[in-house]
Amino acid sequence: MKDKIPLGLSGRLTAATIGSPLTPLLLLAALAMGLIALFAIPREEEPQISVPMVDIIVPAPGLKAQSAVDLVGVPLEGIVKGIRDVDHVYTQAMDDMVMVTARFAVGADADDAATRISERIAANWQRRPAGIGDPQVTLRGIDDVPMLVLTLTPKAGMAARWPDTMLREVADRLLEDLSRVENVGPGFVTGGRSQILHVAPDPAKLAAYNVTLPAIMQAVQSADRAIPAGSVIDGGSARAATAGTRLPDEGSLASLTVRNTAGQPVLLSDVARVGVGPKPGEPLVWRW
(Lines give C-alpha, C1' and ligand atoms only; values in the text may rest on other atoms or scores of the structure.)
Protein backbone atom coordinates (compact mmCIF):
# COMPACT_ATOMS: atom_id res chain seq x y z
CA MET A 1 0.00 0.00 0.00
CA LYS A 2 1.39 3.32 -1.04
CA ASP A 3 2.08 6.01 1.58
CA LYS A 4 -0.27 8.98 1.65
CA ILE A 5 1.11 12.22 0.37
CA PRO A 6 1.35 14.72 3.24
CA LEU A 7 -1.07 17.61 2.97
CA GLY A 8 0.07 21.18 3.06
CA LEU A 9 -1.68 24.10 4.68
CA SER A 10 -4.19 24.47 1.82
CA GLY A 11 -4.92 20.75 1.79
CA ARG A 12 -5.51 20.57 5.54
CA LEU A 13 -7.76 23.65 5.42
CA THR A 14 -9.80 22.14 2.56
CA ALA A 15 -10.14 18.80 4.33
CA ALA A 16 -11.33 20.52 7.49
CA THR A 17 -13.96 22.67 5.76
CA ILE A 18 -15.42 20.04 3.42
CA GLY A 19 -17.04 18.06 6.20
CA SER A 20 -17.61 20.91 8.64
CA PRO A 21 -21.23 21.96 9.35
CA LEU A 22 -20.06 25.58 9.66
CA THR A 23 -19.11 25.84 5.99
CA PRO A 24 -22.66 26.49 4.68
CA LEU A 25 -23.19 29.06 7.44
CA LEU A 26 -20.01 30.90 6.45
CA LEU A 27 -21.09 30.94 2.78
CA LEU A 28 -24.53 32.30 3.70
CA ALA A 29 -22.93 34.96 5.95
CA ALA A 30 -20.58 36.05 3.12
CA LEU A 31 -23.51 36.20 0.69
CA ALA A 32 -25.53 38.29 3.18
CA MET A 33 -22.64 40.72 3.71
CA GLY A 34 -22.24 41.12 -0.04
CA LEU A 35 -25.93 41.95 -0.47
CA ILE A 36 -25.79 44.46 2.39
CA ALA A 37 -22.72 46.14 0.85
CA LEU A 38 -24.39 46.22 -2.56
CA PHE A 39 -27.33 48.25 -1.26
CA ALA A 40 -25.54 50.26 1.45
CA ILE A 41 -22.47 51.59 -0.44
CA PRO A 42 -23.37 54.64 -2.56
CA ARG A 43 -22.79 54.30 -6.29
CA GLU A 44 -22.59 56.89 -9.06
CA GLU A 45 -22.21 56.46 -12.79
CA GLU A 46 -19.96 59.53 -13.09
CA PRO A 47 -18.48 60.23 -9.65
CA GLN A 48 -17.23 63.78 -9.06
CA ILE A 49 -13.67 63.35 -7.81
CA SER A 50 -12.11 66.56 -6.54
CA VAL A 51 -8.38 66.80 -7.28
CA PRO A 52 -7.70 70.54 -7.15
CA MET A 53 -4.58 71.96 -8.76
CA VAL A 54 -3.34 75.52 -8.45
CA ASP A 55 -1.12 77.19 -11.06
CA ILE A 56 1.15 79.99 -9.86
CA ILE A 57 2.47 82.03 -12.78
CA VAL A 58 5.29 84.45 -11.96
CA PRO A 59 6.75 86.89 -14.52
CA ALA A 60 10.54 86.98 -14.41
CA PRO A 61 11.56 89.57 -17.02
CA GLY A 62 15.13 89.33 -18.18
CA LEU A 63 15.83 85.87 -16.74
CA LYS A 64 16.67 82.79 -18.75
CA ALA A 65 14.75 79.60 -17.98
CA GLN A 66 17.44 78.04 -15.76
CA SER A 67 18.01 81.25 -13.81
CA ALA A 68 14.25 81.68 -13.39
CA VAL A 69 14.04 78.18 -11.90
CA ASP A 70 16.91 78.80 -9.47
CA LEU A 71 15.81 82.27 -8.33
CA VAL A 72 12.01 81.88 -8.43
CA GLY A 73 10.91 78.30 -9.02
CA VAL A 74 12.89 76.54 -6.29
CA PRO A 75 12.05 79.07 -3.50
CA LEU A 76 8.40 79.05 -4.55
CA GLU A 77 8.36 75.25 -4.42
CA GLY A 78 9.62 75.41 -0.84
CA ILE A 79 6.81 77.80 0.10
CA VAL A 80 4.11 75.67 -1.52
CA LYS A 81 5.32 72.30 -0.21
CA GLY A 82 4.72 73.44 3.36
CA ILE A 83 0.98 73.88 2.78
CA ARG A 84 -1.34 71.23 4.17
CA ASP A 85 -2.77 68.64 1.73
CA VAL A 86 -0.26 69.45 -1.05
CA ASP A 87 0.75 66.12 -2.59
CA HIS A 88 2.94 67.10 -5.53
CA VAL A 89 4.59 70.27 -6.84
CA TYR A 90 5.70 70.74 -10.45
CA THR A 91 7.74 73.58 -11.97
CA GLN A 92 7.84 74.70 -15.58
CA ALA A 93 10.03 77.54 -16.77
CA MET A 94 10.80 79.45 -19.90
CA ASP A 95 12.60 82.67 -20.56
CA ASP A 96 10.98 85.51 -18.57
CA MET A 97 8.40 83.28 -16.81
CA VAL A 98 7.98 80.52 -14.23
CA MET A 99 4.90 78.42 -13.50
CA VAL A 100 4.62 76.29 -10.36
CA THR A 101 1.71 73.84 -10.12
CA ALA A 102 0.57 72.48 -6.75
CA ARG A 103 -1.57 69.34 -6.78
CA PHE A 104 -3.64 68.78 -3.67
CA ALA A 105 -4.86 65.54 -2.13
CA VAL A 106 -7.98 63.86 -3.51
CA GLY A 107 -11.11 65.32 -1.95
CA ALA A 108 -9.52 68.61 -0.84
CA ASP A 109 -11.74 71.68 -1.08
CA ALA A 110 -10.78 73.60 -4.23
CA ASP A 111 -11.62 77.10 -2.98
CA ASP A 112 -9.84 76.50 0.31
CA ALA A 113 -6.77 75.24 -1.59
CA ALA A 114 -6.54 78.41 -3.68
CA THR A 115 -7.00 80.58 -0.57
CA ARG A 116 -4.23 78.81 1.32
CA ILE A 117 -1.86 79.15 -1.64
CA SER A 118 -2.56 82.88 -1.95
CA GLU A 119 -2.17 83.52 1.78
CA ARG A 120 1.10 81.60 2.07
CA ILE A 121 2.62 83.33 -0.97
CA ALA A 122 1.52 86.77 0.27
CA ALA A 123 3.17 86.09 3.65
CA ASN A 124 6.52 85.20 2.04
CA TRP A 125 6.56 87.25 -1.17
CA GLN A 126 8.54 90.14 0.32
CA ARG A 127 11.64 87.95 0.02
CA ARG A 128 11.40 87.68 -3.78
CA PRO A 129 14.37 88.86 -5.86
CA ALA A 130 14.30 92.37 -7.25
CA GLY A 131 12.50 92.77 -10.57
CA ILE A 132 10.22 89.73 -10.13
CA GLY A 133 6.56 90.50 -10.78
CA ASP A 134 3.54 89.60 -8.68
CA PRO A 135 2.23 86.01 -8.95
CA GLN A 136 -1.01 85.07 -10.65
CA VAL A 137 -2.82 82.25 -8.84
CA THR A 138 -5.22 80.20 -10.98
CA LEU A 139 -7.34 77.31 -9.70
CA ARG A 140 -7.52 74.23 -11.91
CA GLY A 141 -9.79 71.22 -11.65
CA ILE A 142 -11.15 68.24 -13.51
CA ASP A 143 -13.37 70.59 -15.53
CA ASP A 144 -10.26 72.16 -17.07
CA VAL A 145 -9.29 68.89 -18.76
CA PRO A 146 -10.39 68.91 -22.42
CA MET A 147 -13.05 66.27 -22.99
CA LEU A 148 -13.60 66.91 -26.71
CA VAL A 149 -10.94 67.88 -29.22
CA LEU A 150 -11.91 69.10 -32.69
CA THR A 151 -9.23 69.38 -35.36
CA LEU A 152 -9.79 71.57 -38.41
CA THR A 153 -7.79 70.62 -41.48
CA PRO A 154 -8.25 71.40 -45.19
CA LYS A 155 -9.19 68.71 -47.65
CA ALA A 156 -6.57 67.22 -49.93
CA GLY A 157 -5.42 69.77 -52.45
CA MET A 158 -7.04 72.71 -50.58
CA ALA A 159 -4.15 73.62 -48.28
CA ALA A 160 -3.25 76.73 -50.32
CA ARG A 161 -6.82 78.02 -50.04
CA TRP A 162 -7.03 77.35 -46.30
CA PRO A 163 -3.76 78.40 -44.63
CA ASP A 164 -3.35 78.17 -40.89
CA THR A 165 -4.37 81.81 -40.40
CA MET A 166 -7.79 81.24 -41.96
CA LEU A 167 -8.25 78.00 -40.06
CA ARG A 168 -7.52 79.94 -36.87
CA GLU A 169 -10.30 82.42 -37.69
CA VAL A 170 -12.75 79.58 -38.33
CA ALA A 171 -11.71 77.92 -35.05
CA ASP A 172 -12.23 81.16 -33.11
CA ARG A 173 -15.74 81.55 -34.54
CA LEU A 174 -16.49 77.90 -33.83
CA LEU A 175 -15.38 78.34 -30.24
CA GLU A 176 -17.76 81.28 -29.84
CA ASP A 177 -20.66 79.15 -31.11
CA LEU A 178 -19.73 76.23 -28.84
CA SER A 179 -19.59 78.50 -25.79
CA ARG A 180 -23.30 79.23 -26.28
CA VAL A 181 -24.22 75.54 -26.06
CA GLU A 182 -25.80 74.54 -22.76
CA ASN A 183 -23.57 72.70 -20.25
CA VAL A 184 -20.41 73.36 -22.28
CA GLY A 185 -17.46 74.54 -20.19
CA PRO A 186 -14.65 76.87 -21.21
CA GLY A 187 -12.63 76.01 -24.30
CA PHE A 188 -9.49 77.17 -26.02
CA VAL A 189 -7.90 77.16 -29.46
CA THR A 190 -4.46 75.68 -30.06
CA GLY A 191 -2.49 75.97 -33.27
CA GLY A 192 -2.68 78.23 -36.25
CA ARG A 193 -1.59 81.85 -36.28
CA SER A 194 -3.81 84.80 -35.57
CA GLN A 195 -3.65 87.99 -37.65
CA ILE A 196 -1.84 90.95 -36.11
CA LEU A 197 -0.56 94.36 -37.18
CA HIS A 198 3.10 94.36 -38.23
CA VAL A 199 5.51 97.31 -38.14
CA ALA A 200 8.76 96.86 -40.11
CA PRO A 201 11.05 99.91 -39.66
CA ASP A 202 13.24 100.93 -42.59
CA PRO A 203 16.80 101.67 -41.33
CA ALA A 204 17.52 104.13 -44.14
CA LYS A 205 14.33 106.12 -43.53
CA LEU A 206 14.92 106.06 -39.76
CA ALA A 207 18.30 107.67 -40.31
CA ALA A 208 16.88 110.19 -42.78
CA TYR A 209 14.12 111.34 -40.42
CA ASN A 210 16.25 110.99 -37.23
CA VAL A 211 13.74 108.60 -35.65
CA THR A 212 14.89 105.93 -33.19
CA LEU A 213 13.44 102.46 -32.64
CA PRO A 214 12.57 103.19 -28.97
CA ALA A 215 10.55 106.19 -30.15
CA ILE A 216 8.53 103.96 -32.49
CA MET A 217 7.94 101.35 -29.78
CA GLN A 218 6.87 103.97 -27.26
CA ALA A 219 4.50 105.63 -29.73
CA VAL A 220 2.82 102.35 -30.71
CA GLN A 221 2.47 101.14 -27.11
CA SER A 222 1.05 104.48 -25.98
CA ALA A 223 -1.44 104.66 -28.85
CA ASP A 224 -2.69 101.09 -28.37
CA ARG A 225 -3.53 101.31 -24.70
CA ALA A 226 -6.97 101.69 -23.12
CA ILE A 227 -7.74 101.36 -19.42
CA PRO A 228 -11.00 101.70 -17.45
CA ALA A 229 -11.51 105.21 -16.05
CA GLY A 230 -14.62 104.82 -13.92
CA SER A 231 -18.08 105.88 -15.04
CA VAL A 232 -19.74 109.06 -16.31
CA ILE A 233 -23.30 110.17 -15.57
CA ASP A 234 -25.01 111.05 -18.84
CA GLY A 235 -28.75 111.77 -19.05
CA GLY A 236 -29.52 110.04 -15.79
CA SER A 237 -27.63 106.86 -16.68
CA ALA A 238 -24.10 105.74 -15.89
CA ARG A 239 -21.76 104.91 -18.74
CA ALA A 240 -18.35 103.28 -18.46
CA ALA A 241 -15.47 105.58 -19.36
CA THR A 242 -12.20 104.49 -20.89
CA ALA A 243 -8.92 106.38 -20.94
CA GLY A 244 -6.89 105.98 -24.11
CA THR A 245 -7.69 104.25 -27.39
CA ARG A 246 -7.00 101.09 -29.30
CA LEU A 247 -5.59 100.95 -32.82
CA PRO A 248 -8.55 99.54 -34.77
CA ASP A 249 -6.96 98.90 -38.15
CA GLU A 250 -3.91 99.20 -40.39
CA GLY A 251 -4.72 102.76 -41.50
CA SER A 252 -4.82 104.08 -37.93
CA LEU A 253 -1.43 102.56 -37.22
CA ALA A 254 0.09 103.94 -40.42
CA SER A 255 -1.08 107.49 -39.60
CA LEU A 256 0.37 107.36 -36.10
CA THR A 257 2.67 110.27 -35.24
CA VAL A 258 6.22 109.55 -34.03
CA ARG A 259 8.61 112.14 -32.61
CA ASN A 260 12.16 112.29 -33.94
CA THR A 261 15.23 113.25 -31.95
CA ALA A 262 14.45 116.96 -32.49
CA GLY A 263 10.88 116.56 -31.26
CA GLN A 264 9.32 117.00 -34.71
CA PRO A 265 6.32 114.83 -35.70
CA VAL A 266 6.83 112.14 -38.32
CA LEU A 267 4.22 109.72 -39.66
CA LEU A 268 4.92 106.08 -38.88
CA SER A 269 4.27 105.17 -42.52
CA ASP A 270 7.17 107.46 -43.53
CA VAL A 271 9.75 105.43 -41.61
CA ALA A 272 8.24 101.93 -41.45
CA ARG A 273 6.15 99.50 -43.47
CA VAL A 274 2.81 98.79 -41.79
CA GLY A 275 0.68 95.78 -42.69
CA VAL A 276 -1.49 92.94 -41.46
CA GLY A 277 -0.03 89.45 -41.31
CA PRO A 278 0.11 86.26 -39.28
CA LYS A 279 1.64 86.26 -35.85
CA PRO A 280 5.27 85.06 -35.93
CA GLY A 281 5.86 81.52 -34.79
CA GLU A 282 5.16 78.00 -35.92
CA PRO A 283 1.76 76.24 -35.64
CA LEU A 284 1.35 74.12 -32.51
CA VAL A 285 -0.63 71.32 -34.16
CA TRP A 286 0.55 69.00 -36.89
CA ARG A 287 -1.24 66.17 -38.63
CA TRP A 288 0.41 63.30 -40.48
Side-chain angles (χ1 to χ4, degrees), residues 53-61 64-65 68 90 92-101 133 135-202 213 216-228 240 242 244-256 268-269 272-288:
M53 294 184 294
V54 178
D55 288 341
I56 309 164
I57 302 176
V58 181
K64 294 294 184 180
Y90 314 91
Q92 303 178 48
M94 61 181 66
D95 293 348
D96 304 321
M97 192 197 75
V98 175
M99 183 175 73
V100 176
T101 301
Q136 176 185 347
V137 179
T138 304
L139 179 64
R140 304 292 185 186
I142 191 64
D143 293 335
D144 297 311
V145 179
M147 302 303 294
L148 176 64
V149 178
L150 301 177
T151 302
L152 303 181
T153 182
K155 293 182 178 180
M158 302 293 289
R161 181 178 176 183
W162 291 96
D164 62 309
T165 53
M166 295 188 65
L167 289 177
R168 177 64 183 240
E169 294 180 4
V170 175
D172 290 336
R173 292 197 298 268
L174 179 59
L175 181 61
E176 293 179 2
D177 294 337
L178 290 176
S179 63
R180 301 188 184 98
V181 179
E182 186 178 0
N183 297 327
V184 172
F188 56 90
V189 178
T190 301
R193 293 176 295 172
S194 56
Q195 297 279 6
I196 61 173
L197 293 173
H198 287 267
V199 177
D202 188 323
L213 284 177
I216 293 179
M217 294 176 59
Q218 182 179 1
V220 173
Q221 292 174 355
S222 300
D224 190 34
R225 180 178 299 173
I227 58 176
T242 303
T245 58
R246 290 285 188 184
L247 295 173
D249 51 33
E250 178 183 356
S252 300
L253 181 59
S255 60
L256 184 66
L268 182 60
S269 58
R273 186 175 67 256
V274 179
V276 178
K279 185 177 181 180
E282 296 183 358
L284 303 179
V285 175
W286 292 266
R287 181 176 179 177
W288 289 269

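Everything numeric in this text was worked out from a predicted model, so none of it was measured. For the single chain, residues carry numbers from 1 onward in sequence order.
The minimum heavy-atom distance between Pro135 and Ile56, with the atom names listed, is CB-CG2, 3.9 Å. Among all heavy-atom pairs drawn from Leu139 and Val54, the shortest one is CD1-CG2, 3.9 Å. Considering all non-hydrogen atoms of both residues, Ala65 and Ala93 come closest at O-CB, 3.8 Å. Heavy atoms only, all atoms of each residue included: Val98 and Ala68 are closest at CG2-CB, 3.3 Å. Nearest heavy-atom pair, Val58 versus Gly133, reported as atom, atom and distance to 0.1 Å: CG1-O, 3.9 Å.
If you take CE on Met94 and NZ on Lys64, they are separated by 13.0 Å, rounding to the nearest 0.5 Å. Atom-to-atom distance recorded for Thr138:OG1 and Gln136:CD is 4.5 Å, nearest 0.5 angstrom. Here Leu152 contributes atom CG and Asp164 contributes atom CG; the two are 12.0 Å apart, rounded to the nearest 0.5 Å.
Not counting sequence neighbours, the partners of Ile216 by the side chain to side chain contact (heavy atoms under 4.5 Å, CB included) test are Val199, Pro201, Leu206, Val211, Val220, Val258, Leu268, Val271. Under the salt bridge (Lys or Arg N to Asp or Glu O under 4.0 Å) criterion, Arg161 pairs with no residue at all, not counting sequence neighbours. Under the rule for a salt bridge (Lys or Arg N to Asp or Glu O under 4.0 Å), the partners of Asp172 that lie at least two apart in sequence or sit in another chain are Arg168.
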For this session: Output, in order, the C-alpha distance, side-chain angles, deciding distance and verdict of side-chain hydrogen bond (donor to acceptor under 3.5 Å, both in side chains) for Thr101 and Asp55.
Result: CA-CA 4 Å; Thr101 301; Asp55 288 341; 2.8 Å; yes
